[in-house]
There are 2 protein chains.
Amino acid sequence: MVQVSQKQAKVTLSERKRGSGAKFVYGTLRDEILDLRLRPGSPIDEVQLAERFGMSRTPIREALVRLAGDGLVETLPNRSTMVANIDALGLPAFYDAITLMYRVTTRLAAQHHQPDDLERIRLLQDDYANAATSRKALDMISVNRDFHAAIAEAGRNPYFTTLTLRLLDEGRRILRLYYQSFDDRLPQEYIEEHEAIIAAIAARDVALCDDLARAHADQIVHQIQQLFSRDQRQNIAL
Amino acid sequence: MVQVSQKQAKVTLSERKRGSGAKFVYGTLRDEILDLRLRPGSPIDEVQLAERFGMSRTPIREALVRLAGDGLVETLPNRSTMVANIDALGLPAFYDAITLMYRVTTRLAAQHHQPDDLERIRLLQDDYANAATSRKALDMISVNRDFHAAIAEAGRNPYFTTLTLRLLDEGRRILRLYYQSFDDRLPQEYIEEHEAIIAAIAARDVALCDDLARAHADQIVHQIQQLFSRDQRQNIAL
DNA sequence: TGTATTTTTTTAGTCGACAGAAAACTTGCG
DNA sequence: CGCAAGTTTTCTGTCGACTAAAAAAATACA
């Protein structure tokens, strides 16, 4: 009897459309994982999530399966699933991949972009500048992702777009880690680099896009590398 | 024409391990989709699959969710899910992607390979040669995939490996389409090209790897392009 | 006290059932 | 006949319950 009344209360609380359950859970958990609100390595309990979202385990399960497909969650057979760890040893591979994807997507954007692509990209760049001037580092991280995602879209190659998105998300996690533990300032340089990239895409200058994208990627890689070396020093100092 | 959908191999699983259900269904369906035993665009009925595999819909569902993540299956909300189509308009993007991945994975293999990597690759090349001399085109297709997958593995970059695998699988579908409707011979050239690639990797000659991989990719792209132009001519002739 | 073995607890994998959304079919009206 | 409204059918999305695998706890034994 108690169970019935509780359940009804929860159902009225969350009036959902059929078929949206798993998608909603997927999106929510994905955001939380990428924002590090769910810490890497922390265990995920299906029953707990089911209670939290006010639904049965089935849609929760589907969301977890999809997250596992994205590599955001690791599932141990018959035992718990946990938030994927950030693999420090895999960082060089990450650097290689994001650098190549920046280059190739920017090149393709120069070749295949259409007018409204550029408009979208410029709007995002405005958002980025705003976030930068108001010193909102976390916003900058997220807008930066959208900026490069838009460039990838303009390149019109789904294979590259997918991989780029995945890398950007992975990078978002790493950068969160960074700006959480250290200061909240990002170099203004990025804004200028972005501007230059936009201009090169608009001019359809493939070679210049390549150069700029490579330099931009190098910047970010360098930034992350600094993070890790700084981290080390601090540990030693303690 | 072989119409198999009614008489798919029924699976006896009186002794199934717990937790293997979804994985087994995933693997089986994946193979059938890549081999075109399940035709692109054909609908997938969960209940039917549940009967065929002798299990409930739950593990079937999980397998389908994973296949959707791989892009091998398309799900319409609240309505049927179907085998993903081969998108002819997306072929140029495919060419770009597979060419770049061939190049970058082969380069990385030259840099990062270890002794047993080369051994594995050479064994697969033997398999490939055997399949070629005995004129087994379908075997060649599948071994060719494994060959390049092994090279990607030797490059030790999970991001590139994942994308390469996906592209190789996509290519497997396209080639099946080809060798199903036309002749069963593949140019011997491929064997020699493979040999040259192996040698270049062993010599850790990055620049040569790049050239060879690019040429190899061009070959395959050219082959597929021929397929589609031939297809067109036939349609017009009829 | 430390280790091997049994028992308990936790929690993932599976099942059968039902409800709701979309398609397929039927009916009513011009 | 042709089409709009209503009805039935089909099949997915979700649920609660059950089962079994693995971890944690308890016990036995040296």
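Throughout, protein chains are lettered first and strands after them, A, B, ... in sequence-line order, and every chain is numbered starting at 1.
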Rounded interatomic separation in angstrom, taking [atom1] from [X] and [atom2] from [N]:
X: B:Phe53; N: C:dT14; atom1: CZ; atom2: C1'; answer: 16 Å
X: A:Gln48; N: C:dT10; atom1: CD; atom2: P; answer: 14 Å
X: A:Asn78; N: D:dA21; atom1: CG; atom2: C1'; answer: 5 Å
X: B:Phe24; N: C:dT14; atom1: CZ; atom2: P; answer: 13 Å
X: A:Leu49; N: C:dT11; atom1: CG; atom2: P; answer: 12 Å
X: B:Arg79; N: C:dA24; atom1: CZ; atom2: C1'; answer: 9 Å
X: B:Asp45; N: D:dT10; atom1: CG; atom2: C1'; answer: 9 Å
X: A:Glu62; N: C:dA12; atom1: CD; atom2: C1'; answer: 17 Å

Original post:
Heavy atoms under 4.0 Å, any strand shown: does A:Ser80 hit a base, just sugar-phosphate, or nothing?
Top reply: sugar-phosphate
Original post:
Contact class for B:Ile60 (heavy atom, under 4.0 Å): base, sugar-phosphate, or nothing?
Top reply: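 Nothing, no heavy atom under 4.0 Å.
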Given [options], which nucleotide is nearest the side-chain atoms of [X]?
X: A:Met55; options: C:dT14, D:dC15, D:dA22; result: D:dC15
X: B:Thr58; options: C:dG16, C:dT10, D:dG16; result: C:dG16
X: A:Arg57; options: D:dC15, D:dA23, C:dA12; result: C:dA12

Original post:
How are the rings of A:Phe147 and A:His194 set to each other: parallel, tilted or perpendicular (split at 30° and 60°)?
Top reply: parallel
Original post:
Hey, what's the ring geometry for A:Tyr159 with B:Phe94, parallel, tilted or perpendicular (30° and 60° as the breaks)?
Top reply: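 It falls in the perpendicular class, over 60°.
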Original post:
Shortest non-hydrogen contact from A:Arg166 to A:Gly71?
Top reply: NH2-CA, 3.9 Å
Subject >> Phosphate OP1/OP2 of D:dC15 contacted by A:Ser56 side-chain N/O (<4.0 Å) >> reply: yes
Subject >> With B:Arg145, the salt bridge (Lys or Arg N to Asp or Glu O under 4.0 Å) member among B:Asp35, B:Asp169, B:Asp127 >> reply: B:Asp169
**OP:** Give me the one residue out of B:Asp96, B:Leu100, B:Val104 that meets side chain to side chain contact (heavy atoms under 4.5 Å, CB included) with A:Val104.
**Re:**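 Going through the options one by one, the only one that passes is B:Leu100.
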Original post:
Which comes earlier along DNA chain D counting from the 5' end, the contact point of A:Ala22 or that of A:Pro77, where each point is its nearest nucleotide?
Top reply: A:Ala22
